[in-house]
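Proteins get letters first, then strands, A, B, ... in listed order; numbering begins at 1 in each.
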Amino acid sequence: MVVFENVSFTYKNGEQKNGIYDINLSIGKGEVVVLCGESGCGKTTITRLINGLIPNYYEGSLSGQVLLGGRVVHTMPIYETAKIVGSVFQNPRSQFFNVDTTSEIAFGCENMGLPEKEIEKRIKDTIIDFKIETLMDRNIFHLSGGEKQKVACASVYADMPDIFVLDEPSSNLDAASIEELRRIIGIWKSRGKTIIIAEHRLYYLRELADQLIYLKDGRIENEFSAERIKNITAQSLSEMGLRALKLEELKGRERSFVEKVECLHLYDFFFSYKNGYQAMAIEQLQIPKNTVIAVVGENGAGKSTFARCLCGLEKRCNGVLENSGTIYKRRKRLKSCYMVMQDVNHQLFAESVLDEVLLGMDKKDVGKAENILESLDLLQLKNLHPMSLSGGQKQRVAIAGAIASKREIIVFDEPTSGLDLLHMKEVSVNIDRLCQMGKTVFIISHDLELIFECCTQVLYFKKGNAEGPYPLDVKEERKLISFFEINNYETMQGVN
Amino acid sequence: MKEQPSQSLPANAYLNLDPRTKLFLLLIISTIMISGEIRGMALYARLVLAAIPFVLLILGRRAKAAAIYAILFAAAWLAEAFLIYNTKGIANIVIVMLSGLISRFVPCVIMGYYTISTTRVSEFLAAMERMRFPRNITIPIAVMFRFFPTIAEESHSIDNAMKMRGIGARSFVGNPAVALEYRLVPLLMSVVKIGDELSASALTRGLGGPEKRTNVCKIGFGAWDAAFASLAVSAAVFYFVSLGG
């Protein structure tokens, strides 16, 4: 169905270094193929060669050819390729052309000029297959990331392509939505569709994949059949820089727990939306100081609300924080807490990395700022514009800003969504550094591997209530894994 | 999972005009309100036109926006009618400027807001196609429909980030250029990125093919379209006649 013959491609201007070299690949009809490897290994490039975005949208030099059912992709206009190949992308915020969900499902069919009756039938069928009645006629700006990704899959499905290409579809999803994604891919597979997925998270594809292709520096380094996938050891995965295939095999690293620690006390953290819906209700919470706390729970359980209220961003939350006898009300928390956002681009303002750090200081002290940059390996970048840096570097600049303004509590919102193993470990090292400086760190995450890598406490969120925090010891680790699994089960029941 | 209530889509409004009617009303209201003559009989024509977006907002279940608009406009209108002649000096200049700007521009902005917030992207595309507008014009405008909420969403996140850094409005007094830069640079970066990904996504769904697009959404003129359009046309004719006479 999909054949690569000696394909090499490099991007024009070398703007993206993720070229690929001498790729030979043959994917049969009805197969599920997973492309994996570190960031920049070329897996996204391969997906773009299949859906025709290369060479129609991203320019560069191409040799060899990609065949879809015998037709050469790069000689086909992209609207022709669109009829055979359906694509789902990483970012749920940027793949909708319409503002309402129903029109989005019809969009591809309308572009193909199908008769209206046929489109209406397809919309109906899609709604039934995906069980998305409740998501119809909704404004996409009011959907959660998981719901958006589901609508994106449904819209592509309505176009009825033979081949599906997914580029890191799980990046922004929580455990329950990933489970849902797994179910959707299962439906496609059972209908004989050919599916190609570029992905960092592998565990949810373990049973579905017929072939796992490991790329390194733009070349195919290894291929695993379904049989061999089952026998890949955790150690060889980590040597290849890949994420876990089996969550239940994950182990936290050695941690020591101090018996008596000073605690931060939180009182009366309540929050309701204007429509009266109560998103969070916490009467009291004790957080051990100078620890790294994982904040887990489904989407909508109140984790982000908690983070915003803790950082003093919500005026309608009257909660207080007590730290060694001092009371921190909202305005004071705004100055003593800091959130590293999921999209770190939103919080970098200055013209250079150094200015960015100085911006947060009460007294502008260049020497001190440089020390902070030094401690985060950023000193050599101090004169660059923050926007010219890589994602990981930007995140470190944001952390540097928080340190410079002497924040005691630092909250990370999904710091590792869409990161490979290497970059995830880098984030974990930075969090360790913060902990060594005496900060209290909260990590909102659906990334079990990150949590096991650097957290020492775990705080569960369920329907607006917090439970914990519990020390993340071996027993708690088991509980956390099953929490993720039970979580999935409940949500699936809810959806079906 | 609980959701915030969804913004009312056209389906739950009391009345939804054809996108072409909305654009036509927008054109007439903008032309006449901005060219604003405030004396003589023309005044009444302008009042009628200014009332159109108000009525539409009410019928579109946007009572809050309608109320804000009504208060703003009434205040500006009354100021133009009475205060201008009874004040002097700086106060007079400020009142003339403010009331003039509000009474001329706000009706157009509100009509634009109404048009964009109650028209689905697909309805707009269908309407433009029926008027035989070339796609090079309609598609970029259609993308704009989607971009207003995107900008609002991104801007909200940036706002939060600025609050956390302690760089709120107060730290910019006397330095508006920096305030603008801090706000715009991150906004532009993310909007450009989203735009880029959006185009790629739309291409893979076959936008821009040579086939004639079909549309599942229902558009078409009804009695209400005729009523509003003829009201606007009569007001416009009356306005120009009274200017000439």
Side-chain angles (χ1 to χ4, degrees), chain A residues 51-53 56-57 78-79 82-83 85-87 89 91 93-100 103 106-108 110-116 119-120 123 137-139 141-142 144 155-156 159 273 275 277 298-300 308 311 313 334-335 338-339 341 343 345-349 359-360 387 401 405, chain B residues 1-12 120-123 125-126 142-143 145-146 149-150 152-154 157-158 160-167 181-183 185-187 189-190 193-217:
Chain A
N51 62 24
L53 283 176
N56 287 299
Y57 191 69
I78 192 155
Y79 52 82
K83 291 177 187 167
V85 184
S87 309
F89 299 90
N91 187 351
R93 283 188 302 170
S94 63
Q95 49 185 319
F96 293 95
F97 191 81
N98 290 274
V99 181
D100 68 296
S103 308
F107 182 65
E110 290 177 339
N111 287 333
M112 286 189 259
L114 293 178
E116 281 158 41
I119 301 179
E120 271 159 17
I123 294 177
D137 251 325
R138 294 269 296 274
N139 183 326
F141 287 93
H142 298 145
S144 73
S155 325
V156 171
D159 304 347
Y273 284 107
N275 61 4
Y277 170 64
E298 291 182 49
N299 279 343
R308 283 201 313 277
C311 294
L313 287 170
L334 205 49
K335 291 196 178 99
Y338 194 73
M339 178 154 49
M341 297 170 142
D343 190 345
N345 286 319
H346 290 152
Q347 54 190 158
L348 300 176
F349 301 104
L359 187 68
M387 291 297 172
S405 49
Chain B
M1 192 189 316
K2 202 77 175 234
E3 287 295 322
Q4 291 254 63
S6 194
Q7 177 192 330
S8 61
L9 285 167
N12 40 343
R120 293 165 192 248
V121 179
S122 52
E123 285 172 343
L125 282 178
V143 171
F145 275 74
R146 198 193 168 290
T150 303
E153 200 175 58
E154 299 294 301
S157 303
I158 293 168
N160 275 339
M162 288 174 78
K163 266 192 221 154
M164 265 190 301
R165 291 296 288 271
I167 38 180
E181 184 192 323
Y182 281 3
R183 180 156 284 279
V185 172
L187 186 65
M189 292 301 288
S190 57
K193 186 166 162 266
I194 289 176
D196 186 53
E197 290 172 358
L198 190 65
S199 323
S201 166
L203 282 175
T204 64
R205 305 209 49 206
L207 186 68
E211 289 99 341
K212 189 173 163 14
R213 278 189 97 242
T214 42
N215 281 291
V216 272
C217 59

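Scanning both residues, Ser94(A) and Ser201(B), for their nearest heavy atoms gives O-CB, 4.2 Å. Considering all non-hydrogen atoms of both residues, Met387(A) and Pro186(B) come closest at CE-CA, 4.0 Å.
With rounding to the nearest 0.5 Å, the separation of OH in Tyr338(A) from CD in Gln347(A) is 4.0 Å.
Contacts with chain B were tallied for Ile123(A), Asn51(A), Asn345(A), Leu114(A); Leu114(A) has the most, counting heavy-atom pairs under 4.5 Å. Between chain B and the options Gly86(A), Gly52(A), Gly108(A), the largest number of non-hydrogen pairs under 4.5 Å is found for Gly108(A). Highest contact tally toward chain A, considering only Asp196(B), Val143(B), Val185(B), Leu187(B), is held by Asp196(B) [criterion: heavy-atom pairs under 4.5 Å].
The residues Asp343(A) and Arg93(A) are annotated as salt-bridged, a charged nitrogen and a carboxylate oxygen being separated by less than 4.0 angstrom.
Using a 4.5 Å cut-off between heavy atoms, Met341(A) touches chain B through its side chain atoms alone. Using a 4.5 Å cut-off between heavy atoms, Met164(B) contacts chain A through both its backbone and its side chain. The contact between Leu348(A) and chain B is made entirely by backbone atoms, counting heavy-atom distances below 4.5 Å. Glu197(B) touches chain A through backbone and side chain together, each having a heavy atom under 4.5 Å away. For chain B, the nearby parts of Asn98(A) are the backbone and the side chain; heavy atoms of each come within less than 4.5 Å. For Phe107(A), the parts lying near chain B are the backbone and the side chain together; criterion is any non-hydrogen pair under 4.5 Å. Only the side chain of Ser190(B) comes within contact range of chain A, with heavy atoms under 4.5 Å apart.
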Pair Leu313(A)-Met339(A), side-chain contact (heavy atoms from CB on, under 4.5 Å): steps then yes or no
CA-CA 10 Å; Leu313(A) 287 170; Met339(A) 178 154 49; 4.0 Å; yes
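Not one N or O on the side chain of Ser103(A) forms a donor-acceptor pair closer than 3.5 Å with the backbone of Val99(A).
No side-chain heavy atom of Asn160(B) sits under 4.5 Å from any side-chain heavy atom of Ser157(B).
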